[in-house]
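Report on the following structure.
Numbering of ligands and ligand atoms starts at 1, following listing order. Hydrogens, waters and symmetry mates play no part in the numbers below; they use all other heavy atoms, side chains included.
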Amino acid sequence: MIDRIAQLRAQAGEAIAAAQDTEALDQLRVHYLGRKAELPLLLRDIGALPADQRGAVGRTANEARKAIEALISARSQEVQAQELSGSLLADALDVTLPGTPPRPVGRMHVIAATQRELEDIFLGLGFTVLEGPEVETVHYNFDALNHNPNHPARARTDTFYLRTEAGPGDSAGEREPSERLLLRTHTSPMQVRAMEAHPPPLYVVIPGRVYRPDSDATHTPQFHQVEGLAVDDDITLADLKGTLLAFARAIFGDQRDVRLRPHFFPFTEPSVEVDVSCFHCSGEGFLRDGSRCPLCKGEGWLEVLGAGEVDPDVYAHVPTTERNAPGYDPEKVQGFAWGMGVERIAMLRHGIPDLRLYYENDVRFLEQFGA
Ligand code: DAH
């Protein structure tokens, strides 16, 4: 009898050590200690044994039962710990994985994307990109660009002037007229600043924000321009045309042409407006079905920018300093300049009907453009 108990205890011990989950342990508990199991039955029937055996058998059986219980509870703790770490591992959340579906990360605004593309085109042609202040002085925005004192663009209705504290050395509490501050109305003031900072030859483009008090479907109070300036000792209008042809083809397609029309700007002489042949009707002015081209309105040409040969009077406004020595002698240097509207170029290219769409921040509009 004692041997059988020892056998049961040993069997149970092995089985418990081998059990891999709580369910297996529960079954072992029933098998070795349950109501119908051999060991408890044996204990129950102990009274039937001869009196001299009862003590030893009872003690051994009891010890065996306690030992098996202890083994089960120890093993069950181990198994539970394993099960917990297993399920923690299985449920682990990798916060570095992309969500499903991946979250959109946003994109460049169509104006920023267009501006960068323009910068890239001119960088490729050998120009350098410069930036300049949006708060300018009357001197750089108008005077140095040869605007006469009565030029209409100077009016308060056309330019945002800044109210300022009294300027230095200004007893009347008002700055010198040329030192008054405004929000630049174009990027052209940077022509003069660039020449003050660098000697010729100079090949620069200046992208940036400009401001005018206008607001309707084709004007916003703030918009963007890219200015260009090339000054060297033998620059002609043909160089201007070639440069802008390269730009027109890069933006509007390889087949494009450009034409120059006489115009007037105070700071260029001669001045031109530059048209690009219409990419919608290939410059025909009408579509295949004979209808008038809606983009160029039957003209075959799209006006894209203003340009010209730098007026010698502008060089005369650039003082020679140590920084830009030998300076800009109107007798020695020649150059061309242009100014283009970034909004307008993107509108033409993408068929955007209303300028205000750029600034309403409607993602359904914005997500159609940009990288
Ligand atoms: N600054 C002019 C404007 O805002 C555009 C312009 C015209 C710029 C001719 C130039 C230029 O550099 O040569 O309307």
Glu196 and Tyr140 side chains, donor-acceptor separation under 3.5 Å:
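Yes - a donor-acceptor pair under 3.5 Å links their side chains.
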
Examine the side chains of Glu134 and Tyr211 and answer whether a donor and an acceptor come within less than 3.5 Å of each other.
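Yes, Tyr211 and Glu134 have a side-chain donor paired with an acceptor closer than 3.5 Å.
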
Which pairs of donor and acceptor atoms, one on a side chain in residues 297-306, lie under 3.5 Å apart (sequence neighbours left out)?
none

Check step by step if salt bridge (Lys or Arg N to Asp or Glu O under 4.0 Å) holds for Asp214 and Arg212.
CA-CA 6 Å; Asp214 289 328; Arg212 291 179 200 175; 5.7 Å; no

Checking one residue: Leu33. Which other hydrophobic residues are in its cluster under the side-chain 4.5 Å linking rule?
Met1, Ile2, Ile5, Leu8, Ile16, Leu25, Leu28, Tyr32, Leu39, Leu42, Leu43, Ile46, Leu49, Val57, Ile68, Leu71, Ile72, Val79

Residues with a heavy atom under 4.0 Å from ligand 1, by chain and number, are His186, Ser188, Gln191, Arg212, Gln225, Glu227, Phe265, Phe267, Thr268, Gly306, Ala307, Gly308, Ala337, Trp338, Gly339

According to ring-ring contact (aromatic ring centres under 6.0 Å, His included), who are the partners of Phe142, at least two apart in sequence or on a separate chain?
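Listed in chain order: His147.
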
